[in-house]
There are 2 protein chains.
Amino acid sequence: MVEKPKWDMTSDIHKYPKPSVTVDIVIFTVQNDELRVLLVKRKADLKKGEWALPGGFIRLDESLEESAKRILEQKTGVKDVYLEQLYTFGDPFRDSRGRVITVAYFALIDSEKMKIKPTEEVADAQWFSVYNYPPLAFDHKKVLDYSLTRLRSKLEYTTVGFQLLPQKFTLTELQKLYEVILAKTLDKRNFRKKIASLNLVEQTKETKMEGVHRPARLYKFKSKKFLLESDVV
Amino acid sequence: MVEKPKWDMTSDIHKYPKPSVTVDIVIFTVQNDELRVLLVKRKADLKKGEWALPGGFIRLDESLEESAKRILEQKTGVKDVYLEQLYTFGDPFRDSRGRVITVAYFALIDSEKMKIKPTEEVADAQWFSVYNYPPLAFDHKKVLDYSLTRLRSKLEYTTVGFQLLPQKFTLTELQKLYEVILAKTLDKRNFRKKIASLNLVEQTKETKMEGVHRPARLYKFKSKKFLLESDVV
DNA sequence: CCAAAAGTGTTAGTGATACACCCATGT
DNA sequence: ACATGGGTGTATCACTAACACTTTTGG
């Protein structure tokens, strides 16, 4: 058992007024060809019953990212997700209860893991289309808008999108994912050429049969050790 | 005189432990063909005499950006700068005095304004080359490294670089600026073609004579109203 | 007329876009 | 044999990269 390190609580810094600090998480998934975001119904004193992004107060002995992971798991039951710090929102009156600064994270989870059953505690978490969701508490609409913009732009120059798919996927599924997030259609041949040029995915020997047509080949991401320096990751 | 709005200090949220929150600013300029960052010598109890990024505790009644502006002016005398939120650092033990979360901002100032004389209070502020600066307090090296990366990448796809030049400038100065920040040389003809294609700058009728050679034409940024939708800003 | 930086065009290569038909399967 | 989505190649265009000489000025 490691003893918790302590701070110097006699320091002058404790004379400065302290704000409350929360972490809010915008978690996306793609389901039924829709980009969706997870929202929870608030139980706290203020804005009870309103929908909001999952969030909570940080603990002093955990890093911001640890807070984000803990809160996400507590509130939604989801674990092992791609997580990235988004922006810190600190308007003085964004919360009438006090000065509350929130560090927003954005997270992606694949459509398989997403199906995890909500536990008792998270009965009030629900996925909403990003084009059709209820009014949100606080400045959470602003946070959501901002993270949508970020997701779209990161999709173009990184491979975050892969986080939203299961381990094995067809190229059509991958393309559909891009189309859904970017809200535009893409050319099939050009899309496949692009993906091939990235050198990030490889064929498996399996195919996926769905419906009455030619089965689609399943692909997977190359394991790290087979990626070259020059490959974009 | 507007009365200050108040918060509900009886709310449960005040039962959660609160961290200290600071703002730290990484402010860059280009001077003598070097990319430089402003550092201050600490006067506070802890780490007195060590160099650090200018920073300070937020006030509860100002936004994070207002805090950043106030602190920057207090500590360095500089005003009216380009300012952008960078990242929020919150490792639990980054400061031994207590749990301190810092919202880092990154700022750019042109080489003219930069010459402002330091006031009494800011006597201990100094510009350092980003390749040669003293050891920094806390995790400020990490913050600085991160903002350098951000500056470089933003330089490639935005026009932030323009913030580092005075109103009127020669194309060679602009190119030098890019070269200094990116730490690589650029082709003169290609650079000029690129700038021309952006449609953001226009010739003035003035030239700049410096030394014994052909005078260079001065350029300025087009005023907003002459920019077309299609022009990258 | 010399030194020094300003200024200017063309070509080759690379990546993006537009576009239409055949393939494999289940019924 | 047909309906359905899977899978493939080529031509054009736009952008990037490489490269060298002439111009203007002060001394």
Side-chain angles (χ1 to χ4, degrees), chain A residues 30 32-33 152-153 155-159 161 165-166 168-180 182-220 228-233, chain B residues 30 32-33 152-153 155-159 161 165-166 168-180 182-220 228 230-232:
Chain A
V30 171
N32 297 345
D33 294 342
R152 288 191 176 126
S153 74
L155 203 63
E156 314 246 28
Y157 69 95
T158 71
T159 57
L165 287 179
K168 292 178 186 167
F169 50 89
T170 69
L171 293 182
T172 301
E173 286 168 350
L174 183 59
Q175 181 177 344
K176 199 82 205 171
L177 176 82
Y178 273 73
E179 291 181 335
V180 162
L182 300 176
K184 66 180 179 190
T185 58
L186 302 170
D187 178 88
K188 182 159 56 160
R189 279 169 293 189
N190 293 336
F191 182 79
R192 284 164 185 241
K193 259 181 290 177
K194 177 78 180 172
I195 296 300
S197 77
L198 295 176
N199 259 317
L200 294 173
V201 302
E202 59 187 8
Q203 285 199 356
T204 66
K205 286 172 186 162
E206 303 162 66
T207 55
K208 182 172 190 172
M209 185 72 261
E210 220 167 41
V212 185
H213 52 78
R214 178 172 175 177
R217 171 135 272 139
L218 284 165
Y219 286 76
K220 63 174 184 177
L228 300 172
E229 282 286 335
S230 56
D231 297 333
V232 182
V233 180
Chain B
V30 170
N32 297 344
D33 294 342
R152 287 189 177 128
S153 74
L155 203 63
E156 313 247 28
Y157 69 95
T158 71
T159 57
L165 286 179
K168 291 178 186 168
F169 52 88
T170 70
L171 294 181
T172 302
E173 287 167 350
L174 184 58
Q175 181 177 344
K176 199 83 206 172
L177 176 81
Y178 272 72
E179 292 181 333
V180 162
L182 300 175
K184 66 180 180 191
T185 59
L186 301 170
D187 179 87
K188 183 160 54 159
R189 280 169 292 187
N190 292 336
F191 182 80
R192 285 166 184 239
K193 259 179 289 177
K194 177 81 180 169
I195 296 300
S197 77
L198 294 177
N199 261 316
L200 294 172
V201 302
E202 60 186 8
Q203 284 197 357
T204 67
K205 286 172 186 161
E206 302 161 66
T207 55
K208 182 171 189 171
M209 184 75 263
E210 216 165 45
V212 185
H213 54 78
R214 177 171 176 178
R217 170 135 275 138
L218 284 165
Y219 287 75
K220 63 174 184 176
L228 299 173
S230 56
D231 296 333
V232 183

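Side chains included, hydrogens not; waters and symmetry mates left out as well; all remaining heavy atoms used. In what follows, every chain begins at residue 1, and chains take the letters A, B, ... in the order their sequences are listed. All of these numbers come straight from a predicted model, not from anything done at the bench.
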Open item on the list: Regarding A:Arg217, tell me which of base, sugar-phosphate or nothing describes its non-hydrogen contacts under 4.0 Å with the strands shown.
Closed with: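 Here A:Arg217 touches the backbone only, sparing every base.
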Open item on the list: Applying a 4.0 Å non-hydrogen cut-off, can you work out what A:Lys194 is touching in the nucleic acid: base, sugar-phosphate, or nothing?
Closed with: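 Sugar-phosphate only.
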How far apart are the closest heavy atoms of [X] and [Y], and which atoms are they?
X: B:Ile195; Y: B:Leu171; answer: CG2-CD2, 4.4 Å
X: A:Gly161; Y: A:Leu155; answer: CA-CD1, 3.5 Å
X: A:Arg152; Y: A:Leu182; answer: O-CD2, 3.9 Å
X: A:Phe191; Y: A:Leu186; answer: CD1-CD1, 3.9 Å
X: B:Val201; Y: B:Tyr219; answer: CG2-CD2, 4.1 Å

Starting at [atom1] of [X] and ending at [atom2] of [N], how long is that distance when rounded to a whole Å?
X: B:Leu218; N: C:dA5; atom1: CG; atom2: P; result: 17 Å
X: A:Ile195; N: C:dG15; atom1: CD1; atom2: C1'; result: 15 Å
X: B:Arg189; N: D:dA17; atom1: CZ; atom2: P; result: 14 Å

May I ask you to verify whether the side chain of [X] and the base of [N] hold a donor-acceptor pair under 3.5 Å?
X: B:Lys193; N: C:dT10; value: yes
X: B:Arg192; N: C:dA6; value: no
X: A:Lys188; N: D:dG7; value: yes

- [ ] Side chain of B:Ala216 only, please: which of C:dT17, C:dA6, C:dT8 is the nearest?
- [x]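 Of C:dT17, C:dA6, C:dT8, C:dA6 is nearest to the side chain of B:Ala216.
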TODO: Return the nearest nucleotide to the side chain of B:Asn190; candidates are C:dC19, C:dG7, D:dC19.
DONE: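 Among C:dC19, C:dG7, D:dC19, the one nearest the side chain of B:Asn190 is D:dC19.
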- [ ] Please confirm whether the backbone N or O of B:Arg217 pairs with a side-chain atom of B:Gln203, one donor and one acceptor, at under 3.5 Å?
- [x]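 Here the side-chain-to-backbone pair does not exist.
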Open item on the list: Would you say B:Thr172 places a side-chain N or O within less than 4.0 Å of OP1 or OP2 belonging to C:dA5?
Closed with: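 The answer is no; no side-chain N or O of B:Thr172 sits under 4.0 Å from OP1 or OP2.
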Protein N or O to nucleotides 24-27 of chain D N or O, pairs below 3.5 Å:
unit_1: D:dT24; atom_1: O2; unit_2: B:Arg214; atom_2: N; d: 3.0

- [ ] Quick one: which residue pairs count as a salt bridge (charged side-chain N to carboxylate O under 4.0 Å, His left out) with a foot in residues 191-212 of chain B, not counting sequence neighbours?
- [x]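 Only B:Lys168-B:Glu206, B:Glu173-B:Lys208, B:Glu202-B:Lys220 qualify under salt bridge (charged side-chain N to carboxylate O under 4.0 Å, His left out).
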